[in-house]
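Order of listing sets the numbers, starting from 1, for every ligand and every atom in it.
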Amino acid sequence: MTDKPPLLVIEDDPGLQRQLKWAYEGYSVSLAADREAALAQLEEVEPAVVTLDLGLPPDPDGVSEGFATLEAIMATRPHTKVIVASGHGDRESARRAIALGAFDFYQKPIDIDELGFIVSRAFHMANLEAENRRLQSRVPEAPFSDIVTGSPEMLKICAMVERIAATNVSALLLGASGTGKELLARAMHAASSRAKGPFIAINCAAIPENLLEAELFGHERGAFTGAVKTTEGKIELAQKGTLFLDEVGDIPLPLQVKLLRFVQERVIERVGGRKSIPVDVRIVCATHQNLKAMIADGRFREDLFYRIAEVTVVIPPLKDRAGDALLLANHFIQKHAAERPGGPTRLAPGAVAAINLHSWPGNIRELENRIKRALIMADGPAITAEDLDLVDSPDVRPMTLREARALSDMRTISAALAATGGSISKAAKALGISRPTLYDMMRDLGVDAG
Ligand SMILES: Nc1ncnc2c1ncn2[C@@H]1O[C@H](COP(=O)(O)OP(=O)(O)OP(=O)(O)O)[C@@H](O)[C@H]1O
Ligand SMILES: [Mg+2]
């Protein structure tokens, strides 16, 4: 037995095998010369970090077998940090490997010092992520248990929403369609002292303009044709709870004036009524629109904006949440599996690649829909890229090598900061770089301490 961390080296050249084994004295090195042996070792020693030569038999001069191995690793153990060795100058393969979920790459011939640095950085990252997962699973925050994520980007958002929940400020959630705005609004409500009160949602874009006022404010009997009885509006129904105004950017200007009065004074009048009714509600708004631009065009009131956006939460699109697409795909397979007993229960390697390469313009909603479709379409025990309708998708995310590096650095740094509670000196130490270097990288990459 050894307490050195296990490292799996997938390499078919016996000379290189020896060299690498010798170079990694600090790790407990396992060797594999082909895909089958690699996958067996993966199960057996569960290494956090793997180095992978893309040229493996039966295609030692190509990259097909190496990519197949990478996909299989990502499908079975997605947290594994895979460092890919590509031929000299083969940037395209390196780029593709990163897009498929590889942690980093290096170019042959091997520079032991450089590779050693990448390997130790990979172990740091793996440890930080494991620590993050442990912290997250140790405190199952009930209000957030519906939110599936392992990405530093989203964990930060959840922490922020939790902090906001404890206050009574009005929050504005900004995010593209399907990013989970409503889910986060519900979590904010559930984590607040109003959790026992109602959560009332209204989609301002879905209701015809002439009905929206009565929907929001309610109406007295006889206020207009068809108003046969007095009816409370959504605002009143949210009394002592949370009012979620979805697509707030779609509220017409005249109604914005009325809404402003309610937001400022917390009193409403029903349509056709004269009585002022006090309401105690927390307001959460969401929109996919650019309200600042709407203000500039005179389509949204600036005074209302500042009232509803006391804090703003920008929800990242799915493609910017490291590792979440796969995590969510597996989550939705479990969630909907019961709808097709005996259906597929996992993703085929090709599907893993397709999921990692797709840009997800419809975000989590799109992902869930594709999984539901795939569960119906699949013939075998595993969901394929065809089942997901992700073959030759035009939405493949283009990424330059530079971007791939920057993304990898950004994830590593965010994870380090998350694990050290935002302490820059501790994070620098964990990352094995100096504080000034970390500062510079954070500035260049636009990462803040959290
Ligand atoms: N992180 C997540 N984990 C699990 N499920 C999620 C997550 N984010 C979103 N979902 C699910 O995806 C679907 C879309 O989420 P939601 O309705 O909250 O998004 P939205 O931003 O309000 O979308 P839209 O702009 O289309 O209204 C919902 O079924 C929601 O439960
Ligand atoms: Mg919504």
Side-chain angles (χ1 to χ4, degrees), residues 78 129 132-133 136-137 140-162 164-165 171-191 199-207 212 215 234 238 242-251 283-291 294 308-309 312-339 347 355-356 358-375 388 395 414 418:
E129 283 184 3
N132 270 346
R133 278 195 299 278
Q136 221 203 353
S137 59
E141 303 285 354
F144 294 91
S145 56
D146 288 346
I147 300 174
V148 175
T149 183
S151 70
E153 297 86 352
M154 207 46 201
L155 289 171
K156 214 160 115 179
I157 296 290
C158 290
M160 186 173 169
V161 166
E162 198 179 1
I164 299 168
L172 176 65
L173 308 179
L174 297 179
S177 98
T179 47
K181 296 186 289 293
E182 179 152 358
L183 196 65
L184 279 167
R186 283 184 190 278
M188 195 183 291
H189 171 71
F199 176 88
I200 303 290
I202 175 167
N203 184 339
C204 304
I207 295 165
L212 189 55
E215 245 338 273
K234 297 282 192 196
T242 303
L243 175 70
F244 177 51
L245 295 175
D246 202 357
E247 298 306 351
V248 70
D250 286 56
I251 296 183
I283 300 166
V284 181
C285 296
T287 182
H288 71 280
Q289 306 214 52
N290 182 343
L291 291 183
M294 291 181 73
I308 60 171
T312 301
V313 180
V314 180
I315 307 170
L318 180 54
K319 70 173 165 56
D320 294 342
R321 301 182 196 176
D324 274 7
L326 267 189
L327 212 61
L328 281 158
N330 284 310
H331 165 75
F332 289 132
I333 292 173
Q334 307 300 324
K335 180 176 161 194
H336 297 293
E339 290 159 31
L347 295 166
I355 287 172
N356 280 331
H358 188 57
S359 68
W360 299 109
N363 294 294
I364 294 101
R365 190 183 298 289
E366 176 189 355
L367 177 59
E368 181 163 18
N369 289 341
R370 284 191 192 268
I371 295 288
K372 281 198 215 161
R373 173 189 192 277
L375 285 168
L388 290 162
D395 294 319
S414 306

Counting both backbone and side chain atoms, is some N or O of [X] under 3.5 Å from an N or O of ligand 1?
X      : answer
Gly180 : yes
Leu328 : no
Arg365 : yes
His331 : no
Glu182 : yes

Could you tell me which residues satisfy side chain to side chain donor-acceptor pair (under 3.5 Å) with Glu339, sequence neighbours excluded, listed by chain and number? His336
Who passes side chain to side chain donor-acceptor pair (under 3.5 Å) against Lys372, sequence neighbours left out? none
If hydrogens are left out, which of Leu183, Asn363, Asn369, Asp246 has an atom nearest to atom 6 (C) of ligand 1, that is, the closest non-hydrogen atom? Leu183
Ignoring hydrogens, just give me the one of Ala176, Ala286, Ala201, Gly178 whose non-hydrogen atom is nearest atom 24 (P) of ligand 1. Gly178
Under 3.5 Å, is there a donor-acceptor pair linking the side chains of Asp324 and Ser151? yes
Which residue holds the protein heavy atom closest to [atom], what is that atom called, and what is the gap in Å?
atom                    : result
atom 29 (O) of ligand 1 : Glu368 OE1, 3.4 Å
atom 10 (N) of ligand 1 : Ile364 CG2, 3.4 Å
atom 3 (N) of ligand 1  : Val148 N, 2.9 Å
atom 25 (O) of ligand 1 : Lys181 NZ, 2.9 Å

Enter the distance from Ile355:CD1 to Arg370:CZ here, rounded to the nearest 0.5 Å. 10.0 Å
Let me confirm one number: the CG-CD1 distance from Leu183 to Ile364, rounded to the nearest 0.5 Å. 8.5 Å
Quick check: do [X] and [Y] have side-chain heavy atoms less than 4.5 Å from each other?
X      : Y      : answer
Glu247 : His288 : yes
Leu174 : Thr287 : yes
Asn203 : Glu182 : no

Give the minimum heavy-atom separation between Pro316 and Ile157, together with the two atoms involved. CD-CG1, 3.9 Å
Relative to the heavy atoms of Ile147, which atoms of ligand 1 are at a distance of less than 4.0 Å? 1 (N), 3 (N)
Under 4.0 Å from any heavy atom of Asp146, which atoms of ligand 1 are there? 3 (N), 4 (C)
